[in-house]
Undergrad: 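Let me give you the structure first, and then I'll get to my questions.
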Number of protein chains: 2
Amino acid sequence: MDVDTRLLRYFTAVAEEGTLTRAAERLFVSQPALTKQIKQLEALLGVRLFTRSRAGMTLTEPGRALAARVPELLAGWDRTWREARSAAARESRVLRVGFLASAANEATQDIVAAFTRRRPGWRAEMRQASWGNPTAGLADGSVDVALLRVPFPGQRELRVEVLFAEERWVALPASHRLAEREPIPFRELWDEPFVAAPAESGRWRDWWLAADERDGRPVRVGAVTDQPDEWLSAIANGYGVALAPASAARFYARPGVVYRPVSGVSDTRVGVAWTPADDADPVVQDFVRCCLEHATPS
Amino acid sequence: MDVDTRLLRYFTAVAEEGTLTRAAERLFVSQPALTKQIKQLEALLGVRLFTRSRAGMTLTEPGRALAARVPELLAGWDRTWREARSAAARESRVLRVGFLASAANEATQDIVAAFTRRRPGWRAEMRQASWGNPTAGLADGSVDVALLRVPFPGQRELRVEVLFAEERWVALPASHRLAEREPIPFRELWDEPFVAAPAESGRWRDWWLAADERDGRPVRVGAVTDQPDEWLSAIANGYGVALAPASAARFYARPGVVYRPVSGVSDTRVGVAWTPADDADPVVQDFVRCCLEHATPS
DNA sequence: CGACATCCATGCCATGAGGTTATAGATCCA
DNA sequence: TGGATCTATAACCTCATGGCATGGATGTCG
């Protein structure tokens with residue numbers, strides 16, 4: 001009668017992947033653990049949910065019936081969970097602000113200061129997200145509002161106000177042959193290995209590799225990093241170069257890494273994003289207004 | 001992110017009861033266990049869901065928000081769970097038939113035999129329920145169809161076809177002063193202690209105490225029992241008398257217990273019940289048809 | 001035909017979550 | 001002040017969960 005939602009997630013994972021082994025990888029558990037859990041679910045319901053074969057796991061008729069219902073249940077729980085968490089933040093007068101790396105750079109402090117003035121008693125809690133989480137936690141409800149570089153994957157489901165644009169420069173190892181050039185035509189970087197964001201970040205990754213501005217040439221990826229420090233190390237160690245907002249030269253200065261202007265790539269734009277559910281939330285809207293009033297290109 | 005539905009049930013119980021102690025009783029767990037679980041849920045969400053006081057537990061604002069959503073989630077899971085179980089039964093060609101005590105008495109075997117003829121390959125699995133479960137498992141989806149005495153609590157949400165009526169007699173200790181009388185006017189039993197069903201059975205309990213046919217006189221309860229054997233023992237030991245269908249004289253004969261006709265109480269009627277969700281289920285409908293054709297008053 | 005790859009299943013072990021009982025702490029009431 | 005009525009904490013036990021190693025079935029390829 002009682003189930004853990006984890007068990008249901010396991011079930012849908014197996015149903016979708018079609019094999020225990022692959023589902024186990026996706027869920028970051030061992031395959032025997034999954035075997036046991038699925039068996040338990042079957043015992044609980046008193047049904048065979050899958051037919052086993054060399055090829056993997058295929059849903060039975062009752063299994064299909066279950067698989068049709070479960071995602072909706074999980075989504076329902078996810079919604080109320082998210083709602084409760086944001087209610088919690090509201091209760092303690094905390095606005096959770098996600099950001100990615102240096103998102104709003106110098107403007108950030110002004111925005112936060114303005115917000116604190118407008119909402120005395122409230123606190124803006126800044127949460128840095130890794131690049132593997134390109135909405136900085138908005139998508140999973142762990143923040144109320146986010147400062148991001150647009151475009152980013154998942155943008156469609158969210159509200160975004162663009163704050164300002166900023167040039168994209170390139171970060172190079174200090175010893176690089178182009179380290180003294182200024183500005184560098186992007187064309188000359190086409191064949192360089194690049195330091196990229198992880199695959200999860202999808203479109204966002206491509207945009208920072210300027211995949212659309214290479215005239216169809218393929219990208220060479222020299223390293224994949226998830227965080228600013230790794231990113232800087234990878235560049236300093238010569239694994240590759242990378243595009244970065246101009247402000248990175250100030251926020252992520254490091255021996256062994258130089259930043260140079262680039263010509264021939266489009267600007268990056270910084271935006272503030274929130275979920276449609278918060279369109280009427282006065283605190284979120286206040287924060288957005290503070291962003292629009294106090295964010296200026298650096 | 002993951003929760004056990006048990007945790008959610010615990011939460012709603014505390015929210016509804018208003019104190020941990022009472023909720024713990026209702027859930028059949030100890031109060032410290034509940035304390036821990038509620039704390040865990042709060043930790044999980046990062047919210048205080050209740051404010052504690054000497055008087056008990058009161059929902060906070062986030063708690064109320066959660067309490068508003070959770071019952072729907074639980075109901076959703078309950079539906080799919082039930083669906084899966086009945087899919088399982090269908091898959092293995094088992095019709096689960098609940099019944100209470102001697103519900104359809106002699107007719108039962110005829111019904112089952114007719115069903116087996118009509119649906120070769122299928123098996124009717126008979127499940128006796130205790131009196132604390134007056135729908136014999138229909139309400140919680142553990143059976144597909146039930147043979148019951150009407151009226152019973154929860155009848156509104158179910159479909160019922162009445163099969164036949166039967167007189168109510170009284171079961172008396174053999175040594176009882178009225179044990180030789182025949183028939184006994186019900187009026188003479190008004191002041192006798194009665195052996196009753198547990199409180200959970202609600203309306204059903206009252207009906208077997210003939211609470212409506214006592215001219216407003218209060219009922220004296222001499223013992224509470226949950227099962228036929230306990231019931232028989234209670235009567236044989238002289239804790240009280242009890243109304244019973246006439247067929248009980250054949251099905252529940254026991255030394256020390258005598259059955260006598262009673263005048264002045266209404267008949268009992270036997271029905272077959274199923275859930276509206278199964279209105280279109282051919283197997284359930286076949287069973288119902290078998291009941292209508294083969295059930296005759298004994 | 002035998003070695004290998006690819007599935008799922010099983011056995012054993014360590015860990016942790018959830019339960020129980022006993023008891024402490026707080027607060028109200030007579 | 002003593003008792004009644006809440007919740008919280010401590011100590012302990014049990015069992016489910018997950019990890020690792022390994023077995024068994026089956027298909028594939030040299």
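Computed from a prediction, not measured in an experiment: that's the story for all the values here. Reminder, nothing fancy here: chain letters follow the sequence lines and each chain counts from 1.
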Undergrad: B/Glu25 has an atom CD; how far is it from atom P of C/dT20, in whole Å?
TA: 13 Å
Undergrad: If you only use heavy atoms from C-beta on, which nucleotide in C/dC8, D/dA21, C/dG18 is closest to the side chain of B/Lys36?
TA: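 The nucleotide sitting nearest to the side chain is C/dG18.
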Undergrad: Looking at D/dT17, I'd like to know if its phosphate oxygens (OP1 or OP2) sit under 4.0 Å from a side-chain N or O belonging to A/Gln40.
TA: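 Yes, such a contact exists.
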Undergrad: Rounding to a whole Å, what distance do you find between A/Asp2:CG and C/dG19:C1'?
TA: 15 Å
Undergrad: If I take atom CG in residue B/Asp4 and atom P in nucleotide D/dT17, what distance separates them, rounded to the nearest angstrom?
TA: 10 Å
Undergrad: Is there a side-chain polar atom (N or O) of B/Gln37 under 4.0 Å from OP1 or OP2 of C/dG19?
TA: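 Indeed, a polar side-chain atom of B/Gln37 lies that close.
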Undergrad: Using the side-chain heavy atoms of B/Thr21, tell me which of these nucleotides is nearest: C/dC7, D/dT17, D/dT7.
TA: D/dT7
Undergrad: Please state how far atom CG in B/Leu20 lies from atom C1' in D/dA8, giving the value in whole angstrom units.
TA: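 So the CG-C1' distance, B/Leu20 to D/dA8, works out to 10 Å.
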Undergrad: Could you give the CD-to-C1' distance, from B/Gln31 to D/dA8, as a whole number of Å?
TA: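 Nearest whole value for this atom pair: 8 Å.
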Undergrad: What's the CG-C1' distance between B/Leu27 and C/dG18, to the nearest Å?
TA: 14 Å
Undergrad: State plainly whether the residues A/Lys39 and A/Glu42 are in salt-bridge range, i.e. N to O under 4.0 Å.
TA: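 Salt bridge: no.
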Undergrad: Pick the nucleotide of DNA chain D nearest each of B/Arg22 and A/Phe28; which residue has the one closer to the 5' end?
TA: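 Result: B/Arg22.
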Undergrad: Go nucleotide by nucleotide along DNA chain C from the 5' end; which of B/Arg6 and A/Ala33 gets its closest nucleotide reached first?
TA: A/Ala33
Undergrad: Measuring from the side chain of A/Pro32 (C-beta onward, heavy atoms only), which nucleotide among D/dA8, D/dA21, D/dG19 has the closest atom?
TA: D/dA21
Undergrad: Nearest to the A/Tyr10 side chain among D/dG18, D/dT9, C/dC8, which nucleotide is it?
TA: D/dG18
Undergrad: Does any donor atom in the side chain of A/Thr21 or A/Glu25 lie under 3.5 Å from an acceptor atom in the other side chain?
TA: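 Side-chain D/A pair, A/Thr21 to A/Glu25: absent.
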Undergrad: Between B/Arg217 and B/Asp191, is there a side-chain N and carboxylate O pair less than 4.0 Å apart?
TA: yes
Undergrad: Please pick, from D/dT7, C/dC8, C/dG18, the nucleotide with the shortest atom-to-atom distance to any side-chain atom of A/Arg52.
TA: C/dC8
Undergrad: In terms of ring plane angle, is the pair B/Phe50 and B/Phe11 parallel, tilted or perpendicular, where the classes change at 30° and 60°?
TA: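 Ring orientation of B/Phe50 relative to B/Phe11: tilted.
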Undergrad: What nucleotide, of C/dT20, D/dA8, C/dC8, holds the atom closest to the side chain of B/Ser30?
TA: C/dT20
Undergrad: Around atom CD of B/Glu72, are there more than 12 heavy atoms from other residues, nucleotides or ligands closer than 6.0 Å?
TA: no
Undergrad: Between C/dA17 atom P and B/Leu34 atom CG, what is the distance in whole Å?
TA: 18 Å
Undergrad: Please report, rounded to the nearest Å, how far the P atom of D/dT7 is from the NZ atom of B/Lys39.
TA: 12 Å
